[in-house]
Amino acid sequence: MKRKTGQDRSITQNWRPATRAIRGGTARSEYGETSEALFLTSGYCYDKAGDAAARFAGEQEGMTYSRLQNPTVQMLEERIALLEGAEACRTMATGMAAMTAALLCQLQTGDHLVGGRAAFGSCRWLTDTLLPKFGIATTIVDARDPQAFLDAVRPETKVFFFETPANPTMDIADLKAICDIARERGITTVVDNAFATPALQRPMEFGADVTAYSATKMMDGQGRVLAGAVCGTEDFITNTLLPFTRNTGPTLSPFNAWVVLKGLETLDLRIHRQSENAMKVGQFLEGRVPRVLHPFLPSHPQHELAMRQMDACGPIFAFEVEGREQAHSLLDGLELVDISNNIGDSRSLMTHPASTTHASVSPDKQAEMGVTEGLLRINVGLEDAQDVIDDLDQALSKAGL
């Protein structure tokens, strides 16, 4: 591969996903390094004053400041865009920075957003608390029902915002149906695709305008760094998102970008093995606990839709036991699986959403979202699946199940 091949879309768009995840976006320096270079610099120098002026005027290519551009970050952005099938991508310091920027960059006082009710707790805080502070009206609907989005549309509706699979209830939204409704009415769809990543689901293939990620999750996938990303058209990224991020500064560090680049090299391998492990664990839990919410199990109410939209389900699913006391008892009985609020890690992790990730959501909204006191979310890692099953087996017995 030549020095700039990885950034030549006429070549890289013909590569298959696994190749894009390893080589896409790579731009080698004059030293010809094999691995992507890590550029730890805040600023850049110019040979002449006129060069600086030309770059700031957009008349000359080149870097100006690492809040705006950095070679390592730029490589990651191109790689994620290739995997997503998007024209462009901008990365952020965290997943929530990505979600916030993707919404605030295009909304203003008087606008209206329709959001899915089953969502990560901080995403519900955005729609329920932050946006209304700026005079942006929001309507929360059951994203499992496309008609609910249509019924909520107003003349001032600008954005549909939802996630699928949803955190933590694993609700599945019909991407094509919802995106068709939006496109016919000039509404922008913003899809949180963090649970699936582009390795398992590509919302733009179903008509989504914007996808947003916590790259902390499967993209890094090893519990090391925080990162976020927003993908869209070149026009959206350059003319709508970039002015917001340029002036508010939710910038991803070059080191974190480099770590995520390394994570993407093994994404395809990790996410498919973890999907296989998660399926085995889900099958074990069926019949042992009152309810399992795994979209690729036939028992899931939206199983057929999930199978149409996703290549695999990923490492994450949920299940229910009898209330908080039993849920905490099960967690306390674990010996191999870690109690942690994170997901997308190569290690198996489990959490009680009602008291952690969704603790900031009021009890009535938790009930509306399906976050019960007995709900547990599990991230199945790369360990031998039988060891995870054995650990769950003994912990379930301790909890009286």
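Nothing here was measured: the structure is a model prediction, and the numbers come from that model.
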SB check [X] [Y] (cutoff 4.0 Å):
X: D180; Y: K176; result: yes
X: K398; Y: E335; result: yes
X: E36; Y: R28; result: no
X: R9; Y: E78; result: yes
X: E368; Y: K365; result: no

Regarding [X] and [Y], do their side chains bring together a donor and an acceptor under 3.5 Å, going by distance alone?
X: T266; Y: R270; value: yes
X: Y44; Y: Q69; value: no
X: H112; Y: T139; value: yes
X: S397; Y: R288; value: yes
X: Q106; Y: T240; value: no
X: Q60; Y: D51; value: yes
X: R79; Y: T26; value: yes
X: Q366; Y: S362; value: no
X: D235; Y: T233; value: no
X: D390; Y: Q394; value: no

- prompt: What closest approach, in Å, do R202 and L83 show between heavy atoms, and which atom pair accounts for it?
  reply: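 Closest approach of R202 to L83: CD-O, 3.9 Å.
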Side-chain heavy-atom pair [X], [Y] within 4.5 angstrom cut-off:
X: V210; Y: T188; answer: yes
X: L76; Y: L264; answer: yes
X: L330; Y: M350; answer: yes
X: N70; Y: M63; answer: no

Count the heavy atoms of every other residue, nucleotide or ligand shown that sit under 6.0 Å from [atom1] of [X], and state whether that count exceeds 12.
X: E322; atom1: CD; result: no
X: R291; atom1: CZ; result: no
X: E234; atom1: CD; result: yes

- prompt: For the residue pair H328 and H352, is the inter-centroid distance of their aromatic rings smaller than 6.0 Å?
  reply: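 Ring centroids of H328 and H352 are less than 6.0 Å from each other.
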query: Do F296 and F317 have ring centroids that are under 6.0 Å from one another?
result: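 They do not qualify: ring centres at least 6.0 Å apart.
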- prompt: Step by step, would you call D209 with R183 a salt bridge (charged side-chain N to carboxylate O under 4.0 Å, His left out)?
  reply: CA-CA 9 Å; D209 298 299; R183 185 148 296 183; 2.8 Å; yes
Whether N277 side chain and G381 backbone form a donor-acceptor pair below 3.5 Å: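 Checking the backbone N and O of G381 against the side chain of N277, a donor-acceptor pair under 3.5 Å is found.
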query: Between the main-chain N or O of S29 and the side-chain N or O of E33, is there a donor-acceptor pair closer than 3.5 Å?
result: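 The answer is yes, because a donor-acceptor pair under 3.5 Å joins these two groups.
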task: Among T211, D311, L175, find the one that has a side-chain contact (heavy atoms from CB on, under 4.5 Å) with Q201.
output: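 Of all the options given, the one that passes is L175.
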